[in-house]
Undergrad: 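To start, I am sharing the structure in question, which I have written as structure tokens.
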Amino acid sequence: MPVPLPEDLVVATPERVAFSYQTAGLGSRFVAQLVDLAVLTGLLVALGLVAWGAGVLIGNPLVPVVAFLVAGFLVFWGYFIASELAWSGQTLGKRLMRLRVVGTHGEPITAGQAIIRNLVRIVDFLPSYYGIGAVAMFVTSRNQRLGDLAAGTLVVKERAAVSLQQLTGLEPAAPPAQARLRWTPRLDPGLRRFVVAYAGRRGHLTPERRGQLAAQVEPALRQALPEMVAARGALAALDHLAEEQAGVS
């Protein structure tokens, strides 16, 4: 019998639905870091060529060298911060390895967290190539480097797909009589639980993940709202049901 992988982070929603994540280990983060460093190397080489060309044109290499050092510093640190803000906790390397930075409660990271965890990266890098960071990941229970500890973040593995079984939780409490009238019997119990969980987490899901969820329950949505699915698609129907649930909860 296969042994299931440990789930290191469990997030409970107000609907008493548990979302579990597996924190990323040293190996996958190391590979993601290599990809990011390769991208950064290409950017810095291109920047160096531009600086060299500018020095040749103006006949004074000092100004381009200073500009290159300043711009190189901004590019190196700005790459990680800007990427994690633009892609909700991901860089190119993390996207390739299906990793994502989240808050310690599973929430999307803030701008402050992205800045702090990446500025502390210089300490994690010491004494050579993330020596301190690797030690910190070994001794912390959730594989956090010093930057993660300072910012209140951790790196988790993204699932290839999300299924109803991953949105496990207790049965929702019976709604009041008025709510039962709006929550029509067209939804089977499985779809109803799915919609309740989706409504509670919709604000934290990326458009891609919402589309995955809608695609997985499209047959049930076609039975519940056939005209809406045919006209506007499964995601629109799922959002409609989620808004209906929010209105009666």
Side-chain angles (χ1 to χ4, degrees), residues 21 23-104 106-140 142-158 204 206-209:
Y21 301 90
T23 56
L26 183 60
S28 57
R29 292 179 67 172
F30 176 78
V31 175
Q33 190 68 217
L34 289 180
V35 174
D36 289 328
L37 290 179
V39 173
L40 278 170
T41 299
L43 292 175
L44 292 175
V45 168
L47 189 61
L49 292 175
V50 171
W52 176 80
V56 172
L57 288 176
I58 66 176
N60 183 356
L62 181 59
V63 175
V65 167
V66 173
F68 169 75
L69 293 176
V70 174
F73 177 85
L74 295 177
V75 167
F76 185 85
W77 297 110
Y79 166 80
F80 292 101
I81 296 172
S83 297
E84 290 181 358
L85 288 178
W87 292 328
S88 187
Q90 288 186 310
T91 60
L92 288 173
K94 289 185 178 68
R95 287 173 73 89
L96 180 64
M97 298 303 296
R98 302 194 66 83
L99 306 179
R100 186 180 298 275
V101 182
V102 298
T104 52
E107 74 279 9
I109 63 170
T110 64
Q113 287 175 314
I115 293 171
I116 292 172
R117 75 182 303 273
N118 285 296
L119 289 181
V120 181
R121 186 182 298 275
I122 191 171
V123 180
D124 283 306
F125 197 88
L126 299 173
S128 64
Y129 200 77
Y130 292 96
I132 292 179
V135 173
M137 290 177 62
F138 274 119
V139 300
T140 55
R142 291 183 172 180
N143 298 328
Q144 293 167 288
R145 59 178 179 84
L146 295 183
D148 291 316
L149 295 172
T153 59
L154 65 157
V155 181
V156 299
K157 293 183 178 180
E158 284 203 314
H204 300 301
T206 63
E208 179 183 4
R209 182 59 56 86

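Throughout, residue positions are numbered sequentially from 1 according to the sequence presented. Worth saying up front: this structure is predicted, and the values here are computed from it rather than measured.
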Undergrad: Looking at every non-hydrogen atom in both residues, tell me the closest pair between Thr153 and Val101 and how far apart they are.
TA: CB-CG1, 3.8 Å

Undergrad: Does Gln144 have any side chain to side chain donor-acceptor pair (under 3.5 Å) partners at least two apart in sequence or in another chain, and if so, which?
TA: none

Undergrad: Please check this pair: side chain of Arg121 against backbone of Gly147, looking for a donor-acceptor N/O pair closer than 3.5 Å.
TA: no

Undergrad: On a heavy-atom basis, which atom in Ala51 and which in Pro64 lie closest, and how many Å separate them?
TA: O-CB, 3.2 Å

Undergrad: Is there a donor-acceptor pair under 3.5 Å between the side chain of Gln90 and the backbone N or O of Ser83?
TA: no

Undergrad: Do the non-hydrogen side-chain atoms of Phe125 and Arg145 ever get within less than 4.5 Å of each other?
TA: no

Undergrad: Can you give me the closest heavy-atom contact between Val75 and Leu40, atom names plus distance?
TA: O-CD2, 3.8 Å

Undergrad: How many angstroms lie between atom CZ of Arg209 and atom OG of Ser88, to the nearest 0.5 angstrom?
TA: 10.5 Å

Undergrad: Where is the tightest heavy-atom contact between Gly89 and Ile109, given as atom of each residue plus distance?
TA: CA-CD1, 3.9 Å

Undergrad: Side-chain contact, heavy-atom cut-off 4.5 Å: Leu37 with Phe76?
TA: yes

Undergrad: If you round to the nearest 0.5 Å, how far is CG of Asn143 from CZ of Arg29?
TA: 7.0 Å

Undergrad: Quick one: which residue pairs count as a salt bridge (Lys or Arg N to Asp or Glu O under 4.0 Å) with a foot in residues 35-54, not counting sequence neighbours?
TA: none

Undergrad: Which heavy atom of Leu47 sits nearest to which heavy atom of Gly72, and what is that distance?
TA: CD2-N, 3.6 Å

Undergrad: To the nearest 0.5 Å, what is the distance between CZ on Phe80 and CG on Leu92?
TA: 10.0 Å

Undergrad: Can you tell which of Thr206, Leu154, Thr91 makes a side chain to side chain contact (heavy atoms under 4.5 Å, CB included) with Arg100?
TA: Thr206

Undergrad: What pairs of residues pass the salt bridge (Lys or Arg N to Asp or Glu O under 4.0 Å) test when at least one of them lies in residues 74-87, not counting sequence neighbours?
TA: Glu84-Lys94, Glu84-Arg117

Undergrad: Do other residues, nucleotides or ligands put more than 12 heavy atoms under 6.0 Å from Ile122 CD1?
TA: no

Undergrad: Of the non-hydrogen atoms in Leu44 and Phe68, which two are nearest, and what is the gap between them?
TA: O-CE1, 3.5 Å

Undergrad: Treating Arg95 as the side-chain partner and Trp87 as the backbone partner, does any N or O pair qualify as donor plus acceptor under 3.5 Å?
TA: no

Undergrad: Stepwise, does the side-chain contact (heavy atoms from CB on, under 4.5 Å) test hold for Leu99 with Glu158?
TA: CA-CA 6 Å; Leu99 306 179; Glu158 284 203 314; over 6 Å; no

